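First the structure, in the form of structure tokens, and then the observations on it.
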Amino acid sequence: MAIQLFDTLSNTKRPLELREPGRVSLYFCGPTVYDAPHLGHARNALTFDILRRYLEWKGLEVHVVSNITDIDDNIIGRALEESSTEPEVAAHWEQIYIEAMDSLDVLHPHDRPHATQYVDQMIAFITELVDKGVAYTTETGVYLSVDAVPDYGGLVHRAPDDLREGAGARVEVDPDKNDPLDFVLWKAAKPGEPTWPSPWGDGRPGWHIECVAMATELLGDDFDIHGGGDDLAFPHHENERAEATASGRPFARHWVHHGMVNVSGTKMSKSLGNFTTVGKLLEQYEGRALRLLVLQTHYRKTMEINDDAMAQAEAALDRLDAMARRAAAAGIAPAGTNDELIAAFTTAMDDDMGTPAALAAVFDAARAANAALDADDAPAAAANVATAIDLAGALGITIGVASGGEDDAEIEALVQQRTVAREAKDWAEADRLRDELAARNIVVEDTAHGAIWHRA
RNA sequence: GCGCCGGUGCCCGAGCGGACCAAGGGAGCGGCCUGCAAAGCCGUACAGUCGCGGGUUCAAAUCCCGCCCGGCGCUCCA
């Protein structure tokens, strides 16, 4: 079954056409590490983690590359502010970024290249462009002539002239450039900034060149998927494409962009408060809840994150976990499949990563499992539990993670005492014990197969 | 200002020309279960209608036009 994916360049949903059958090469733009990762970074990493996991679940071999931009104006600014150095700033925030993504169960990319470690490749690439006559040098650096790219603007579906009109709307146009659309490949050294030697004098690489150099180096030309947030489509991805095209190389076969994040109805911004950083959010909610929320919205749409939505996601997760607990208490091990739901799930995911509909299949499996449990239909229960776990897992959600604690034995003893009291119909004592457990954040549930408990 | 995207129940959010699909999740209500709960299952009200106003069509939440509101982009922000 063909996987359809919306491609920004062709502006259509089209079948994923791989360079090599069975193997997917995926590059997506990672963060510039100069500050705490925010919810946008989380959605970015989660979106591509979900895509990767699904492709792997389908049996494809996926090679994921995602970069770390460890040198840019923001990092330099930060280092200056903190009287620190650029490598220190970058290393610090990179670590925090990786920890945050770990707590969201985002799998590590197979390669996580750093811009500063690919300067040689970038210089080689720029040299190629200069030699081809599609790049020129000015006092401030080396620039790419957008002229050399016939379909410049393709990713944003605007004609070059149209883009020219807008140029300078937000940032002043460098008067040295031949064309306002031309952009920098190599920046000439400025006092106090880190620099690398190059054929054009000391300086540092422009932004876009790093992704091109790293993607082609690690995945080869003509790799399968290039992704990122909507906001990167222009100018970043457009310029990457321009560089690759001007060099005469085929580049990404598919461009995948995801929507932005709104917090409490408005654009996320640092001045807005609480929920802008992943760290802050995770102080209050579990990582899976954010992933579930991301899954509930189609990846191309703007999504909303607020307290209500996070709490709702946690409640939904509780349902899934409760199902697994009940099954375990009934002595039912996951086994078998619910083929109908797996088919519905696959159809949904194959259609441009329809995670909301795919999730519906997961919850349908949970309901079916619970119903089977109620009906004492062990095979059906086992099959539906297995299906729910499998499908949720394909999206990166682990069901029924039992977090053990040091006081497990103590709790077990209290639960046992309560069972004894209940058998003696000593309801007062049974309720007292339940309250005592509740005070320790333990929820007791009585099932046909005895009492089970979990941490709230 | 220009371009692109979106506005669906109490909340989050699918659906994007037509069949008992306005999915799924959360919250609500009723029932069953329970010593009482919790969990679960079943049922049910909330969308007589899908931002507003026109239009196309045998048929529109789904297409077209206008308006209002929100988001993103317009050179370094996921």
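In what follows, every chain begins at residue 1, and chains take the letters A, B, ... in the order their sequences are listed. Everything numeric here is computed off the predicted structure, so don't read it as measured data. Scope of the values below: all heavy atoms of this structure, side chains included, with no hydrogens, waters or symmetry mates.
- Formation of a donor-acceptor pair under 3.5 Å by the A/Asp321 side chain with backbone atoms of A/Gly400 is found in this model.
- Distance check on atom P: B/rC20 versus B/rG26 gives 27 Å, rounded to whole Å.
- Of all nucleotides listed (B/rC36, B/rC11, B/rC76), B/rC36 comes nearest to the side chain of A/Asp431.
- Which of B/rG70, B/rA78, B/rA14 sits closest to the side chain of A/Thr297 comes down to B/rA14.
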Can you give the dot-bracket line for RNA chain B, using ( ) for pairs inside the strand, [ ] for pairs that cross earlier ones, | for pairs with another strand and . for unpaired bases, where Watson-Crick and G-U count if both distances are under 3.5 Å? ((((((((.[[[..)..(.....]]].(((((.......)))))......[[[[[..)....]]]]])))))))....

Starting at the 5' end of nucleotides 38-46 of chain B, put B wherever the base has a protein heavy atom under 4.0 Å, S where only the sugar-phosphate does, and a dash everywhere else. BSSSS----

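- Summarising the geometry, the separation between CZ on A/Phe6 and P on B/rC16 is reported as 15 Å, rounded to the nearest angstrom.
- Between A/Phe48 and A/Phe28, the angle of the ring planes stays under 30°, which puts this pair in the parallel group of the 30/60° scheme.
- Residue contacts shown for A/Phe363 are limited to sugar-phosphate atoms, with no base heavy atom under 4.0 Å away.
- Regarding contacts with the backbone of B/rA14, a side-chain N or O of A/Lys301 is found under 4.0 angstrom from either OP1 or OP2.
- If you take atom P in B/rG25 and the same atom in B/rU44, they sit 15 Å apart, rounded to whole Å.
- Note on A/Asn74: only backbone sugar-phosphate atoms sit closer than 4.0 angstrom, heavy atoms only; bases stay farther off.
- You'll find that the side chain of A/Asp364 is closest to B/rG24, out of B/rG24, B/rC2, B/rA78.
- With both ends at atom C1', the span from B/rC29 to B/rC10 equals 13 Å, rounded to whole Å.
- By the rule that a glycosidic angle within 90° of 0 means syn, B/rG48 counts as syn.
- Annotation: B/rC4 and B/rU56 have their P atoms spaced 25 Å apart (nearest Å).
- One interatomic measurement links the two molecules: CZ of A/Arg288 to P of B/rG26, which rounds to 14 Å at whole-angstrom precision.
- Comparing the C1' positions of B/rA47 and B/rU62 gives an interatomic distance of 15 Å, to the nearest angstrom.
- At the heavy-atom level, A/Val362 lies nowhere under 4.0 Å from the strands shown.
- Defined by atom type and a distance below 3.5 Å, a donor-acceptor pair is missing between the side-chain atoms of A/Gln4 and A/Asp350.
- For A/Asn44, whose side chain is taken as the heavy atoms from C-beta onward, the closest listed nucleotide among B/rG71, B/rC36, B/rA78 is B/rA78.
- If A/Gly259 and A/Phe234 are placed on RNA chain B by their nearest nucleotide, the residue sitting closer to the 5' end is A/Phe234.
- In this structure, the side chain of A/Arg43 engages the main chain of A/Gly259 through a donor-acceptor pair within 3.5 Å.
- Checked against B/rC12, B/rA78, B/rA37, the side chain of A/Arg418 finds its nearest nucleotide in B/rA37.
- Rounded to whole Å, the separation between the C1' atoms of B/rA22 and B/rU49 comes to 9 Å.
- The nucleotide whose nearest atom lies closest to any side-chain atom of A/His258 is, among B/rA23, B/rA78, B/rC74, B/rA78.
- By the 30° and 60° cut-offs, the orientation of the rings of A/His38 relative to A/His41 is parallel.
- Proximity note for A/Ala430 (side chain, C-beta onward) versus B/rA23, B/rG35, B/rC77: the nearest is B/rG35.
- A ring-centre distance under 6.0 Å is found for A/His237 and A/His257.
- When heavy atoms are screened at a 4.0 angstrom cut-off, A/Asp182 is found touching base atoms of the nucleic acid.
- Between A/Trp57 and A/Phe345, the gap from one ring centroid to the other is short of 6.0 Å.
- Taking the nucleotide of RNA chain B with the nearest heavy atom to each of A/His298 and A/Ala311, the more 5' of the two is matched to A/His298.
- Between A/Tyr27 and A/His226, the angle of the ring planes lies from 30° to 60°, which puts this pair in the tilted group.
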Give the C-alpha distance, both sets of side-chain angles, the deciding distance and a yes or no for side chain to side chain contact (heavy atoms under 4.5 Å, CB included) between A/Met214 and A/Val65. CA-CA 9 Å; A/Met214 297 189 289; A/Val65 178; 5.7 Å; no

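- Under the 30°/60° scheme for interplanar angles, the aromatic rings of A/His236 and A/His208 are found to be tilted.
- If you check B/rG3, B/rC11, B/rG71 against the side chain of A/Gln312, the one that comes closest is B/rC11.
- Of the N and O atoms on the side chains of A/Asn262 and A/Thr302, not one donor lies less than 3.5 Å from an acceptor on the other residue.
- Nucleotides B/rG28 and B/rG51 have their P atoms positioned 28 Å apart, rounded to a whole Å.
- For the C1' atom pair drawn from B/rC63 and B/rC50, the interatomic distance equals 16 Å after rounding to whole Å.
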